[in-house]
Amino acid sequence: MSEETKNQEVEVNQEEMDQFVSLKKGDTVKGSIVKLEDNQAYVSIGYKYDGVIPIRELSSVHLDNASDVVQVGQEVECKVVSIDDEKEKLVLSKRAIDSENAWEELEKHFEAKDVLEVTVADVVKGGLVADVGVRGFIPASMVERHFVEDFSDYKGRTLRVKVKEIDRENNKVILSAKDVLDEEFESNKVQVMSQLQEGQEIEGTVQRLTQFGAFVDVGGVDGLVHVSEMAWNHVEKPADVVSEGDKVKVKVLKVDPEKGKISLSMKAAQPGPWDSAAEKFNTGDVVTGEVKRLVAFGAFVELAPGVEGLVHISQISHKHIGTPQEVLKEGQEVQVKILDINTAEKRVSLSIKETEEAPAAAPRSERPARGGSSNHKDELKDNPNVSLSNQGLSITLGERFGDKLSKFK
């Protein structure tokens, strides 16, 4: 070996020795991941032996495996936690460096109110946890705009969040994905509402149901279909007509940008019952209907959903009735005859009695002769106190009591 080569080796060894001597607890070092185990990572920092990053020092959040955050060959910056040359044990912390750098970045994001992307590291009671250099917590109420019952499938998802609250002293960072979604929703809402026109027919998706109607997504904005606008026939509850996720055709009834409200109608986007009534019903037809309402002057009978006709009280029964309630009740099924139909005015005149056979007329009894029957005359003709004449029967006081009054003369 030449003298020159020996001198070079001495110089290199001296540089290594200088590094060995200068390395101490608290130092910041850079290195490359050379090996991974489930609970730790080995890092080459150019020292005489590799350093170890325990899994708890890899991230500020809980990890199942070291490979969840680092890969072999990855360059990392760490802080020396402890060094023991006798045992050749060098413990490093990636988390410590990440945390120091993170607070400054988080402060900037908080002040700017800008959006950053995070990966959900864990699902815990009350919300989600993300690694943002420090432990970031997303409360359950700040994950989505809608209620989420089960967050189990959120682990590993990438969410766009804003820094809602930051407290470096207590190592507390609150994040919100809902704030980002709300801003986007409002921005999109203004744009969509500016494009909607009353009378326009569009397709939407049922988002959620309430007791009073259904909210339908029409291009990223929810509009309300009131229960009274869901069908031409009476709807007891929205769930009887639609389910969440259904695609429905709706008509825009009203757009109120100031209040941010959109009123929609499903029934207005469908052919009305009267549109087909002219083809379905004709004058003279006998059809089955249901008594829907009873009023003083008659009964309203439904022939088809949304098509009602009036049976006037005079057309209910062959016999005289004082009120419709005497022979009919609401909900009753009846046969009716269509007397007249006017679809333009949405009017139908009906008759129940014309679907029934009129009762046979009672035989007329022979009228007795004026003044009474002949038998009655025979009974009275021999009575001295009864006078029979062409003017009828008459009995006078003189004739009845004359013989008795004569005694008092």
Side-chain angles (χ1 to χ4, degrees), residues 113 115 127-128 138-151 153-154 157-162 164 175-277 292 302 304-308 343-344 346:
K113 297 181 179 179
V115 178
L128 309 175
I138 311 174
S141 60
M142 297 184 186
V143 177
E144 300 284 359
R145 297 187 67 246
H146 57 272
F147 173 74
V148 178
E149 186 173 354
D150 183 11
F151 288 100
D153 63 343
Y154 274 70
R157 283 195 193 183
T158 299
L159 300 179
R160 297 163 62 247
V161 300
K162 283 192 172 187
K164 188 81 172 177
L175 307 172
S176 175
K178 181 176 180 293
D179 283 5
V180 178
L181 297 173
D182 282 344
E183 282 190 5
E184 291 177 346
F185 175 80
E186 290 302 323
S187 176
N188 183 60
K189 186 175 184 178
V190 172
Q191 183 179 358
V192 172
M193 292 184 73
S194 66
Q195 298 172 348
L196 289 177
Q197 297 180 352
E198 294 182 8
Q200 181 180 357
E201 291 188 4
I202 50 180
E203 188 178 80
T205 304
V206 179
Q207 292 296 306
R208 56 194 174 93
L209 304 179
T210 66
Q211 291 182 341
F212 53 84
F215 284 94
V216 177
D217 183 336
V218 285
V221 180
D222 289 349
L224 175 65
V225 179
H226 192 268
V227 66
S228 62
E229 291 293 334
M230 301 194 80
W232 287 103
N233 56 307
H234 174 71
V235 177
E236 191 69 29
K237 56 182 184 295
D240 293 339
V241 181
V242 293
S243 302
E244 291 183 2
D246 285 356
K247 299 288 185 181
V248 293
K249 190 175 181 180
V250 293
K251 187 173 186 176
V252 180
L253 298 181
K254 186 177 181 182
V255 180
D256 190 338
E258 291 185 5
K259 294 183 179 179
K261 293 183 178 180
I262 303 171
S263 298
L264 305 171
S265 174
M266 287 170 55
K267 75 177 186 182
Q270 304 167 357
W274 287 94
D275 295 336
S276 57
K292 302 302 276 187
E302 184 182 62
V307 178
E308 289 185 2
T343 55
K346 298 180 180 180

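The first residue in the sequence is number 1, and the count goes up from there. When reading the values below, keep in mind they use all heavy atoms of this one structure, side chains included, and skip hydrogens, waters and symmetry mates.
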Mind checking side chain to side chain contact (heavy atoms under 4.5 Å, CB included) for [X] and listing every partner two or more places apart, or none if nothing turns up?
| X | result |
| --- | --- |
| Val192 | Asn188, Leu196, Val221 |
| Ser263 | Leu253, Lys254 |
| Lys237 | Asp240 |
| Pro305 | Asn233 |

Could I get the full list of side-chain hydrogen bond (donor to acceptor under 3.5 Å, both in side chains) partners for [X], not counting sequence neighbours?
| X | result |
| --- | --- |
| Lys178 | Asp182 |
| Thr205 | Lys247 |
| Asp153 | Arg157 |
| Lys162 | Glu183 |

Is there side-chain contact between [X] and [Y], with heavy atoms separated by less than 4.5 Å?
| X | Y | value |
| --- | --- | --- |
| Val248 | Val225 | no |
| Glu144 | Leu181 | yes |
| Lys261 | Leu224 | no |
| Ile262 | Asp222 | no |

Legend entry - Lys164: partners by salt bridge (charged side-chain N to carboxylate O under 4.0 Å, His left out), with sequence neighbours left out: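 Per chain and number, Lys164 pairs via salt bridge (charged side-chain N to carboxylate O under 4.0 Å, His left out) with Asp179.
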
Inset, instruction - Identify, with sequence neighbours excluded, every residue that meets salt bridge (charged side-chain N to carboxylate O under 4.0 Å, His left out) alongside Glu308. - result: Arg293

Distance from [X] atom [atom1] to [Y] atom [atom2], nearest 0.5 Å?
| X | Y | atom1 | atom2 | answer |
| --- | --- | --- | --- | --- |
| Glu258 | Met193 | CD | CE | 10.0 Å |
| Met266 | Lys251 | CE | NZ | 14.5 Å |
| Leu159 | Leu128 | CG | CG | 6.5 Å |
| Glu229 | Ser265 | CD | OG | 3.5 Å |

Inset, instruction - Over all heavy atoms of both residues, which pair between Glu244 and Leu209 is shortest? Give the atoms and the distance, please. - result: OE2-N, 3.8 Å

Legend entry - Minimum heavy-atom distance between Val143 and Ala177, given as atom pair plus value: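 Residues Val143 and Ala177, closest heavy atoms: O-CB, 3.4 Å.
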
Legend entry - Gln200 (side chain) donor-acceptor with Gln197 (main chain) under 3.5 angstrom: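 Side chain of Gln200 to backbone of Gln197: a pair is present.
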
Inset, instruction - May I ask you to decide if Gly306's main-chain N or O and Trp274's side chain share a donor-acceptor pair within less than 3.5 Å? - result: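 Confirmed, Trp274 side chain pairs with Gly306 backbone.
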
Inset, instruction - Taking atom CD of Gln211 as the centre, report whether more than 12 heavy atoms of other residues, nucleotides or ligands fall under 6.0 Å from it. - result: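 At most 12 heavy atoms, drawn from other residues, nucleotides or ligands, come within 6.0 Å of this atom.
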
Legend entry - Residue pairs involving residues 200-221 (criterion salt bridge (Lys or Arg N to Asp or Glu O under 4.0 Å); sequence neighbours excluded): Glu201-Lys249

Inset, instruction - Could you list all the salt bridge (Lys or Arg N to Asp or Glu O under 4.0 Å) pairs where at least one residue sits in residues 184-194, not counting sequence neighbours? - result: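 Pairs touching residues 184-194 that pass the test: Arg160-Glu184.
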
